Amino acid sequence: MTAESASAQNLRTCVQQALDQARGQGATAAAVSLDRGEGLTVSVRLGELETIEREQDQGLSITAYFGQRRGHASSTDLREDSVERTVEAACQIARSTEEDPCHGLPDEDRLAFEYPELDLHHPWDLDSDEAVRLALECEDAARADARIANSEGAEVRRYDGIRVLGNSLGFMGAYRRSSHDLSCCVVAADEAGAQERDYWHSTHCDWRKMQDPGTVGRIAAERTVRRLGARPLASCVVPVLFEAPVARSLLGHFVGAASGRALYHEASFLLGRRDEQVWAEEITLTEHPHEAGGAASAPFDAEGVATRERTVVDNGILRGWFLSSYSARRLGLASTGNAGGVRNLVLESREPALSWDELLQRLGRGLVVTELMGQGVNQVTGDYSRGAAGFWVENGAVAHPVHEITIAGSLPDMYRGIVAVGAEQDRRGSLQTGALLVDRMQIAGV
């Protein structure tokens with residue numbers, strides 16, 4: 001047995017002991033999760049080392065049920081007496097709470113008693129000296145452009161963790177995951193002294209598949225200097241092209257509205273819209289939780305429910321929600337394996353995906369959005385209004401950068417108004433899409 005497998009077995013033993021203690025204290029059911037990880041983060045700024053941080057974290061959480069009364073407690077101390085006190089606290093809370101008919105463990109037939117290996121664990125043997133060198137290389141590449149006047153720094157991070165989850169139905173699962181990041185943020189200035197900032201980052205569970213430091217720094221600089229000379233626009237109604245990194249936020253608003261909590265609180269513009277067209281008819285949204293090495297892949301969710309590939313939007317028609325066991329029961333449905341979040345939700349179009357130049361040609365005259373600001377999204381009504389920056393396009397070519405504007409519309413209209421999707425997908429998170437071209441939005445400017 002390797003040291004790594006021995007460590008995992010020790011964590012499984014700790015989880016099982018907590019479950020046994022909960023049952024010994026009268027709990028009718030219990031669930032325990034245990035996370036442990038270690039990492040290193042190094043940041044530099046203006047060619048100098050700023051910080052070196054080492055992470056050593058762990059945490060145990062237990063949920064105890066007395067019938068349909070629920071109690072929860074957690075601890076970062078895994079010593080036997082501390083775990084026992086944590087179990088006691090969860091049981092005491094459960095005894096004191098009101099019953100909720102929707103509380104309880106997941107349905108047994110949905111638990112991941114068998115699950116796949118997803119190639120998520122690629123530890124990086126990176127020491128602090130090498131991390132500093134990589135971060136400096138990244139920032140130096142960005143500052144090589146004479147128009148870069150300042151830097152908010154570059155950062156390198158590695159992390160290696162394990163999650164163990166068990167419950168009193170006999171489920172016990174574990175998987176390891178690594179995550180590694182490299183980022184850079186710089187400030188550019190023009191001859192008049194006007195300044196703009198932007199950044200870039202690369203992330204992957206396999207450090208060998210990240211962009212190299214020079215590329216990350218160069219892209220950060222390119223994205224920053226292209227914003228020099230930005231100016232406001234006159235108010236207008238035009239097509240809007242969301243660059244892929246910001247287009248992901250449109251998927252995020254959809255997920256929020258399609259999630260169980262919003263639905264059972266009747267606080268969603270998607271309420272009652274299942275099996276109706278809510279996106280353009282060319283659009284499909286599919287969840288891929290078992291993608292090998294995927295940004296948000298997981299063999300089971302935060303409750304131990306098996307994750308599975310499924311289509312949430314099929315040719316524009318809403319076919320499913322994002323539900324935990326509790327929210328599913330509140331809605332009279334079954335868990336979708338989304339306790340703890342969405343797992344690689346990918347937007348695709350049955351129409352041919354377009355290159356960036358083709359998207360600009362399709363846009364013709366309108367706005368490219370590269371940054372969004374503010375929180376002006378109403379999940380209940382779908383009203384959308386956010387500060388934005390980007391580029392004005394004339395005759396299919398970028399004319400000049402813009403800032404200090406607001407874009408407004410309605411999410412239902414925006415989703416149905418998507419007329420093109422970019423070929424280059426941003427796959428750095430749980431929500432994955434190419435650039436999205438929306439047929440018309442209101443631009444509030446000067």
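When a residue number appears, it is its place in the shown sequence, counting from 1. Please read these numbers as outputs of a predicted model, since none were measured by experiment.
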Cation-pi geometry met for R310 and F322 (6.0 Å, 45°): yes
Side chain to side chain contact (heavy atoms under 4.5 Å, CB included) partners for D181, two or more places apart: R157, T203
Main-chain N/O of A444 paired to T406 side chain as donor or acceptor, under 3.5 Å: no
Distance-only donor-acceptor check, side chains D77 and S75, under 3.5 Å: no
Donor-acceptor pair, side chain of E291 and main chain of S297, under 3.5 angstrom: no
NZ/NE/NH1/NH2 to OD/OE distance under 4.0 Å, D129 and R133: no
Salt bridge (charged side-chain N to carboxylate O under 4.0 Å, His left out) contacts in which one or both residues fall within residues 113-127, not counting sequence neighbours: none
Salt bridge (charged side-chain N to carboxylate O under 4.0 Å, His left out) contacts in which one or both residues fall within residues 342-354, not counting sequence neighbours: E281-R350
Single hit among E196, E371, E243 for salt bridge (charged side-chain N to carboxylate O under 4.0 Å, His left out) with R226: E243
Least distance between heavy atoms, L169 atom then L111 atom: CD1-CD1, 3.8 Å
Expected output: side-chain S327 to main-chain R261 donor-acceptor under 3.5 Å: no
E38 bridged to R158 by N-O distance under 4.0 Å: yes
Distance flag, aromatic centroids of F300 and F171, threshold under 6.0 Å: yes
Main-chain N/O of S82 paired with E80 side-chain donor or acceptor, under 3.5 Å: no
Sidechain-backbone polar pair: Y384 side chain, M414 backbone, donor-acceptor under 3.5 Å: no
By ring pair (Phe, Tyr, Trp, His ring centres under 6.0 Å) - contacts of H288 (at least two apart): none
Test item: R227 side-chain N/O and R197 main-chain N/O as donor-acceptor pair under 3.5 Å: yes
Closest contact, heavy atoms only, L105 versus A29: CD1-CB, 3.7 Å
Side chain T76, main chain Q58, donor-acceptor under 3.5 Å: no
Side-chain (D107) to main-chain (R110) donor-acceptor, under 3.5 angstrom: no
S151 (side chain) donor-acceptor with G153 (main chain) under 3.5 angstrom: yes
Pairs meeting criterion ring pair (Phe, Tyr, Trp, His ring centres under 6.0 Å) with involvement of residues 70-93, two or more places apart: none
Heavy-atom closest pair, residues L271 and L263: CD1-O, 3.6 Å
Least distance between heavy atoms, G337 atom then V305 atom: CA-CG1, 3.7 Å
Y159 side chain to D57 side chain, donor-acceptor N/O pair below 3.5 angstrom: yes
Check: H290/N344 side-chain N/O donor and acceptor closer than 3.5 Å: no
Residue list, side chain to side chain contact (heavy atoms under 4.5 Å, CB included) with E358, at least two apart or on another chain: L354, S355
Within-4.5 Å side-chain heavy-atom neighbours: M172 and V15: yes
